[in-house]
Amino acid sequence: MGNNYIFSLTPTFTQGLVLGQLSILVLLALVLKYLFFIPPESETETVPFHPLSKSGPSWHQDVEEDNDTDSAPENESAHWFNILARQVVEVYRAKLQNNLTGYEGMEVARRKIEDQANELRPRGFLDHITVHSVDLGLSAPKLSNARVVNGNDGDSAPTIEFDMSYIDTISVSLSTSYLFNYPMSSFARLPVSLTISLSLFESKVTLVPPSPASAAPVLTISLPQDFTLNLKTTSLMGSRAMLRDVPKLHELIECQVRKVLALRGTWKVVLPGVGSLATARHEVEKEQAAFNEQD
């Protein structure tokens, strides 16, 4: 009989290399499973955080800032529009809180945002999203430097452009788990805790007046895709061994927010009495189809 054994008491170099690689893989799997991942049936412990209550919006401060911003004589003042925009934003904040104030209003807004986030989450990859706190901010976007831009040809109507700047304390703090479905379904979960806050949003705003020749005349408000967006993201990943503030996670979140703003950065307002919403939607779909054919 020959000596062709798979394993022996004196292993060869090849057998030792294979055993070494297997031991490293097993050690790596144990480190990931017991230091970073958590079992599918276990529950993560989270400490809810609620922001301190802030004072109401300062209307006089906004008026002073708008007066300083719109003091340039060569540009049309957008002070009146800033007051209108501020009022519209306050209405949305109030309705999001069911017209409640303080902690009760923030709790109502937190539950609404949590329900909406769980409706949109990819259920095959993300576990239940728990929103711990939200800050709806105190300010509103401010417009300045209103100007008229003439079209390239004489037949097109001129458009109006503004410079918009938005600095606020809007933030959301949440936690979830990334689901690993390999080598089996719900093999492990990677806990993730995030706090996302807005630092700065700057962009041009373009207003295109309705066309009399259109079947459904609409006022078009749009944002260009070269806007400035600065988000601050703090993160914790892992169960026992924590990975703090992963740069790739920040880049992923900011990229997704930019993508949503680019896709939904155009709003069309139907003029009352001269068109229906269904007709306007049909015209928008035709424009989008023509734009896709050009690409």
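Residues take their numbers from the sequence shown, with the count starting at 1. Note that these values count all heavy atoms, side chains included, but never hydrogens, waters or copies made by symmetry.
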L96, I170, V172 screened by side-chain contact (heavy atoms from CB on, under 4.5 Å) with L136, the one that passes
L96
To the nearest 0.5 Å, what is the distance between OH on Y166 and CG on D168?
3.5 Å
Find out if a path of hydrophobic residues (ILVMFWY) with successive side-chain heavy-atom gaps under 4.5 Å connects L174 to I113.
yes
L200 reachable from I253 in the ILVMFWY side-chain graph, under 4.5 Å edges
no
Test N118 against every option in R121, Q116, E114 by the side-chain hydrogen bond (donor to acceptor under 3.5 Å, both in side chains) rule and name the one that passes.
R121
Distance-only side-chain donor-acceptor flag, K268 / T220, under 3.5 Å:
yes
Using the rule that two of Ile, Leu, Val, Met, Phe, Trp, Tyr join whenever any of their side-chain heavy atoms come within less than 4.5 Å, decide whether V131 and M237 are in one cluster.
yes
If the test is side-chain contact (heavy atoms from CB on, under 4.5 Å), which one of V208, V205, T206, T266 qualifies with I221?
V205
Identify the two heavy atoms, one from R93 and one from L138, that lie closest to each other, and give their separation to 0.1 Å.
NH2-N, 3.7 Å
To the nearest 0.5 Å, atom CZ of F125 lies from atom CG of L179 at 9.5 Å
Minimum heavy-atom distance between S177 and P191, given as atom pair plus value:
OG-CA, 3.7 Å
Following the transitive rule for hydrophobic clusters with a side-chain heavy-atom cut-off under 4.5 Å over Ile, Leu, Val, Met, Phe, Trp and Tyr, establish whether V89 and L198 coincide in one cluster.
no
For the student: nearest non-hydrogen atoms of S235 and L249, plus distance:
CB-CD2, 3.7 Å
Check F201 against M164 and note the closest heavy-atom contact, atom names and distance.
CE2-CE, 3.1 Å
Distance in Å, D135 CG paired with M106 CE, rounded so as to fall on 0.5 Å steps:
5.0 Å
Please give me the minimum heavy-atom distance between R147 and F162, naming the atom from each residue.
NH1-C, 4.2 Å
To the nearest 0.5 Å, how far apart are CG in L223 and CZ in R264?
13.5 Å
Check: D245/H250 side-chain N/O donor and acceptor closer than 3.5 Å
no
Is there a continuous path of hydrophobic side-chain contacts, each under 4.5 Å between heavy atoms, that joins I196 to Y178?
yes
